[in-house]
Amino acid sequence: ELKSKLDQRIAQKRQEVERLLNQKKEEVLRRLRAYESILNEKRALAENKKKELEDRIEAEKKKQEEAVKKKAEDAVRGLFKKKD
């Protein structure tokens, strides 16, 4: 009978430990999901910012190319006008 009571007490403690373990596990998983969500938001912001910067760089390149092209055209026109 003593062994039976001891086994029962051990089983009860085991259930308590398993319950606590599962609670902690769920808490950790909840935190991980929250961190993952924050990380995904930050990653999306970074990607958007990267795209914005790439677009701005591309626009600036085109602007610079157009300015150089116009300058070259003006220089060529100036040469032909001087010859006339």
Side-chain angles (χ1 to χ4, degrees):
E1 188 178 311
L2 186 60
K3 183 172 178 5
S4 171
K5 284 184 180 182
L6 185 61
D7 287 344
Q8 184 180 5
R9 182 91 168 137
I10 290 172
Q12 183 182 7
K13 289 295 180 182
R14 178 176 285 136
Q15 285 179 340
E16 286 179 34
V17 168
E18 287 176 357
R19 183 179 50 79
L20 287 172
L21 185 65
N22 285 333
Q23 284 177 346
K24 293 295 181 183
K25 180 180 169 185
E26 284 302 315
E27 184 180 321
V28 168
L29 289 174
R30 225 177 300 117
R31 283 185 185 171
L32 282 174
R33 285 190 290 270
Y35 290 141
E36 184 178 27
S37 176
I38 291 169
L39 180 64
N40 287 337
E41 288 174 19
K42 298 293 183 189
R43 185 180 295 142
L45 283 173
E47 286 296 322
N48 287 340
K49 193 56 113 172
K50 178 182 173 186
K51 176 75 170 117
E52 181 183 313
L53 289 172
E54 287 173 345
D55 290 347
R56 284 176 55 191
I57 289 170
E58 196 59 39
E60 188 62 31
K61 278 184 187 177
K62 285 182 182 180
K63 184 177 164 185
Q64 297 276 336
E65 287 172 0
E66 289 298 319
V68 168
K69 197 181 212 182
K70 175 133 176 60
K71 218 176 203 182
E73 288 173 356
D74 290 347
V76 169
R77 282 192 195 125
L79 285 175
F80 285 122
K81 283 184 181 179
K82 287 182 183 176
K83 286 187 176 184
D84 291 342

Could you please spell out the steps behind the salt bridge (charged side-chain N to carboxylate O under 4.0 Å, His left out) verdict for R77 and D74?
CA-CA 5 Å; R77 282 192 195 125; D74 290 347; 3.4 Å; yes
Can you tell me how far the NZ atom of K49 sits from the CZ atom of R56, to the nearest 0.5 Å?
7.5 Å
Kindly check if the number of other-residue, nucleotide or ligand heavy atoms within 6.0 Å of CD (E16) is above 12?
yes
Note, K69 side chain near E73 side chain (heavy atom, < 4.5 Å)
yes
Go through the steps for K61 and I57 under the test side-chain contact (heavy atoms from CB on, under 4.5 Å), then give the verdict.
CA-CA 6 Å; K61 278 184 187 177; I57 289 170; 4.0 Å; yes
Test R43 against N40 for side-chain contact (heavy atoms from CB on, under 4.5 Å), laying out the working first.
CA-CA 5 Å; R43 185 180 295 142; N40 287 337; 3.3 Å; yes
Kindly indicate, with the supporting measurements, whether the criterion side-chain contact (heavy atoms from CB on, under 4.5 Å) is fulfilled by E58 and E54.
CA-CA 6 Å; E58 196 59 39; E54 287 173 345; over 6 Å; no
Hey, could you give me the CD/CG distance between E36 and L29, rounded to the nearest 0.5 Å?
11.0 Å
Give a yes or no on this: more than 12 heavy atoms of other residues, nucleotides or ligands lie within 6.0 Å of atom CZ of R33.
yes
To the closest 0.5 Å, what do you measure between CG (L39) and NZ (K42)?
10.0 Å
Would you say the side-chain atoms of Q23 and E27 include a donor-acceptor pair closer than 3.5 Å?
no
Roughly how far, to the nearest 0.5 Å, is the NZ atom of K5 from the CD atom of Q8?
9.0 Å
With rounding to the nearest 0.5 angstrom, report the CD to CG distance, E60 to L53.
12.5 Å
What is the distance from atom CZ of R19 to atom CD of Q15, rounded to the nearest 0.5 Å?
9.5 Å
